[in-house]
S.K.: 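Below is a structure I'd like to ask you about.
Residue indices begin at 1 and follow the sequence shown. Since the structure is predicted, the reported quantities are computational estimates derived from the model, not experimental observations.
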Amino acid sequence: MSFMELHRGRLIDHIQLVVRNLKASRRFYEAVFKVLGIPIGGEAEDYFWADELFISSLDSRAARGQLTGRHHLAFQARDNAMVDAFYKAGLAAGGTDNGAPGERPYHPGYYAAFLLDPDGNNIEAVFHGQAKRSAASVEINF
């Protein structure tokens with residue numbers, strides 16, 4: 001068996017999605033974030049954010065009147081059951097199936113599910129299998 005080492009948390013600082021219907025997006029993301037253990041970090045009338053993801057309405061000052069287009073975002077899950085719960089919660093909150101939970105051929109133990117959010121973004125929850133993590137997350141203090 002070959003050894004694989006993955007590094008997470010070094011490439012992306014944050015990402016913004018500009019959406020057509022902020023309420024529909026909020027309903028979807030709150031549902032999937034709840035099962036993934038990701039709290040909503042803040043909100044205003046025209047945006048909300050969680051961790052490194054900022055989601056705003058088309059009329060938000062931060063959006064400049066332009067939709068961001070289609071993206072693929074993958075959220076880390078603790079286990080297969082969390083991936084399953086993500087899929088179920090996302091469907092119930094307005095997401096569309098884009099790949100039911102199951103193993104994928106990307107590497108041994110890669111278990112994922114895919115949903116399209118209300119704007120057609122491909123949203124994934126993935127569990128990479130049993131692995132040793134150096135830390136649960138990166139903590140930054142100011």
Side-chain angles (χ1 to χ4, degrees), residues 3-142:
F3 175 74
M4 181 182 284
E5 181 177 274
L6 300 173
H7 293 268
R8 297 291 186 246
R10 299 187 310 183
L11 179 62
I12 303 297
D13 184 79
H14 63 277
I15 187 166
Q16 177 183 2
L17 296 178
V18 179
V19 299
R20 287 181 181 87
N21 185 329
L22 189 64
K23 286 182 182 181
S25 291
R26 174 84 184 241
R27 186 175 76 247
F28 173 82
Y29 284 100
E30 278 185 336
V32 298
F33 287 163
K34 182 176 181 180
V35 300
L36 294 173
I38 302 168
I40 298 296
E43 65 181 311
E45 190 173 306
D46 58 349
Y47 69 85
F48 66 94
W49 61 272
D51 209 296
E52 292 93 1
L53 180 60
F54 184 85
I55 300 174
S56 63
S57 62
L58 188 59
D59 61 350
S60 170
R61 188 176 56 150
R64 297 185 173 214
Q66 297 291 317
L67 294 171
T68 49
R70 188 173 186 273
H71 293 286
H72 174 197
L73 302 177
F75 299 118
Q76 296 178 40
R78 285 189 306 267
D79 53 31
N80 291 1
M82 186 178 269
V83 172
D84 296 344
F86 155 88
Y87 183 77
K88 183 178 177 181
L91 286 175
T96 304
D97 169 59
N98 199 32
E103 290 219 16
R104 301 298 194 268
Y106 310 132
H107 66 69
Y110 195 111
Y111 187 87
F114 301 84
L115 293 167
L116 298 179
D117 77 2
D119 279 83
N121 293 296
N122 185 24
I123 308 302
E124 174 184 2
V126 58
F127 175 58
H128 288 283
Q130 296 301 318
K132 180 183 177 238
R133 289 181 175 265
S134 62
S137 66
V138 176
E139 184 178 336
I140 301 171
N141 294 295
F142 296 98

S.K.: Donor-acceptor pairs under 3.5 angstrom involving side-chain atoms of residues 48-56: please list them, not counting sequence neighbours.
M.R.:
unit_1, atom_1, unit_2, atom_2, d
S56, OG, Q16, NE2, 2.8

S.K.: Salt bridge (Lys or Arg N to Asp or Glu O under 4.0 Å): which pairs involve residues 78-99, sequence neighbours left out?
M.R.: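 Listed by first then second residue: nothing to list.
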S.K.: Using a 4.5 Å cut-off on heavy atoms from C-beta on, say whether the side chain of H128 contacts that of Y110.
M.R.: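 Side-chain contact under 4.5 Å: yes.
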S.K.: Quick one: list whatever passes side-chain hydrogen bond (donor to acceptor under 3.5 Å, both in side chains) with N21, sequence neighbours left out.
M.R.: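 Not a single residue meets the side-chain hydrogen bond (donor to acceptor under 3.5 Å, both in side chains) criterion with N21.
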S.K.: Could you walk me through whether I123 and F28 pass side-chain contact (heavy atoms from CB on, under 4.5 Å), step by step?
M.R.: CA-CA 11 Å; I123 308 302; F28 173 82; 4.1 Å; yes
S.K.: Identify the heavy atoms of T96 and L91 that sit nearest to each other, and give their distance.
M.R.: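 Nearest pair, atom of T96 first, then L91: C-CD2, 4.1 Å.
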S.K.: Just to verify, what does F33 make a ring-ring contact (aromatic ring centres under 6.0 Å, His included) with, not counting sequence neighbours?
M.R.: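 ring-ring contact (aromatic ring centres under 6.0 Å, His included) list for F33, sorted by chain: Y29, F75.
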S.K.: Test of understanding: with side-chain contact (heavy atoms from CB on, under 4.5 Å), list the residues that count as partners of A31, not counting sequence neighbours.
M.R.: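 Once residues adjacent in sequence are excluded, the partners of A31 under the side-chain contact (heavy atoms from CB on, under 4.5 Å) criterion are A89, A93.
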S.K.: Residues in side-chain contact (heavy atoms from CB on, under 4.5 Å) with E30, at least two apart?
M.R.: R26, I40
S.K.: Quick one: salt bridge (Lys or Arg N to Asp or Glu O under 4.0 Å) pairs with a partner in residues 102-126, sequence neighbours left out?
M.R.: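 Sorted pair list: R20-D119.
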S.K.: Mind checking side-chain contact (heavy atoms from CB on, under 4.5 Å) for A44 and listing every partner two or more places apart, or none if nothing turns up?
M.R.: D46, Y47
S.K.: Heavy-atom distance under 4.5 Å between the side chains of L67 and L58, does that happen here?
M.R.: yes
S.K.: Does N122 have any side-chain contact (heavy atoms from CB on, under 4.5 Å) partners at least two apart in sequence or in another chain, and if so, which?
M.R.: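 Testing N122 for side-chain contact (heavy atoms from CB on, under 4.5 Å), a comparison that skips the adjacent residues, returns R70, H72, N98, F114, L116.
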S.K.: Nearest 0.5 Å, what's the CG-OG distance between N121 and S25?
M.R.: 8.0 Å
S.K.: I need the minimum non-hydrogen distance between V83 and A112, along with the two atoms involved.
M.R.: CG1-C, 3.6 Å
S.K.: Once you round to the nearest 0.5 Å, how far does CG of L22 lie from CD of E45?
M.R.: 9.5 Å
S.K.: Heavy atoms only: give me the nearest Q76-L36 pair and the separation to one decimal.
M.R.: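 Heavy atoms of Q76 and L36 come nearest at O-CD2, 4.1 Å.
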S.K.: How close do A63 and V18 get, counting heavy atoms only, and between which atoms?
M.R.: CB-CG1, 3.5 Å
